[in-house]
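First comes the structure, then the notes that go with it.
Remember, it's 1-based here, ligands and their atoms both numbered in the order they're listed.
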Amino acid sequence: MKINVMTDILEANDRIAVDNSKVFDKHRNLVLNLMSSPGAGKTTLLEKTGEALKGKLRLGVIAGDIETTRDAERLRKYKLPVVQLTTGSACHLDANMITYALPHIDLKKIDILVIENVGNLVCPAEFKLGEDYKIMMLSVTEGDEKPLKYPLMFRESSLLLINKIDLLKYTNFNLKEAKANARRVNPDLDIIDISCTTGEGIPDWTSWLNQRYQKKFGTKARA
Ligand code: MG
Ligand code: ZN
């Protein structure tokens, strides 16, 4: 008998992810799985997003890291509901870890829940968490060939945020080429250029969030 261990693991994971998504739907949460390599700017984006959404949609965060609670501490300063998951050695989050986090976050007080995945361009894309959308962040201090080297991340994502756009002139990152590469692996991908430093593109990002929230819950979603 041949057992395909990875297939079994992923199938078990997917079942738990479906259970998570039912909990999120019940609490009217739009849930995003935010993925990138380390240092692309995920936590900084969440700081800016919390500010930009203030008085409109309520942001909450589940932050995954291998060690430390630094990201959660950064986000708590912005008074965002946040849970930190430290994975020990695991280089990605899985659905079971999210299930464990749920009792520690008040989902009723959240409209948009972002799950900040462990910084890693490989396996996070394989594990569903119960999210509505996967979002990929790529910064211009990385290579424009990344979509071709790590196609699964880009193929699975609905939106690509190209961050640190203010630094573009100091790099040899080819923005046009990066976008063409990303669309080569995923023709339907939305792409937004942003800078968390200058704020460029942040309104486009928050309007993307708004649209997706309304698509899921309707325009009168939040009474
Ligand atoms: Mg982080
Ligand atoms: Zn992993």
Q) Going by distance alone, is a donor N or O of one side chain under 3.5 Å from an acceptor N or O of the other, for Ser157 and Lys134? A) no
Q) Would Thr198 and Asp166 count as having a side-chain donor-acceptor pair, cut-off 3.5 Å? A) no
Q | Atom of His92 closest to the Zn ion (ligand 2), considering N, O or S atoms | A |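 Per the distance ranking, His92 contributes ND1 as its closest N/O/S atom to the Zn ion (ligand 2).
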Q: Please confirm if an N, O or S atom belonging to Asp65, backbone or side chain, lies less than 2.8 Å from the Mg ion (ligand 1).
A: no
(Q) If you consider just the N/O/S atoms, which atom of Asp71 is the closest one to the Mg ion (ligand 1)? (A) OD2
(Q) Rounded to the nearest 0.5 Å, what separates atom NZ in Lys128 from atom CG in Leu10? (A) 8.5 Å
Q. Is the centre of the Trp208 ring less than 6.0 Å from the centre of the Tyr133 ring?
A.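 Yes.
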Q: Give a rough value, rounded to 10 degrees, for the angle at the Mg ion (ligand 1) between atoms OE2 of Glu116 and OG1 of Thr43.
A: 80°
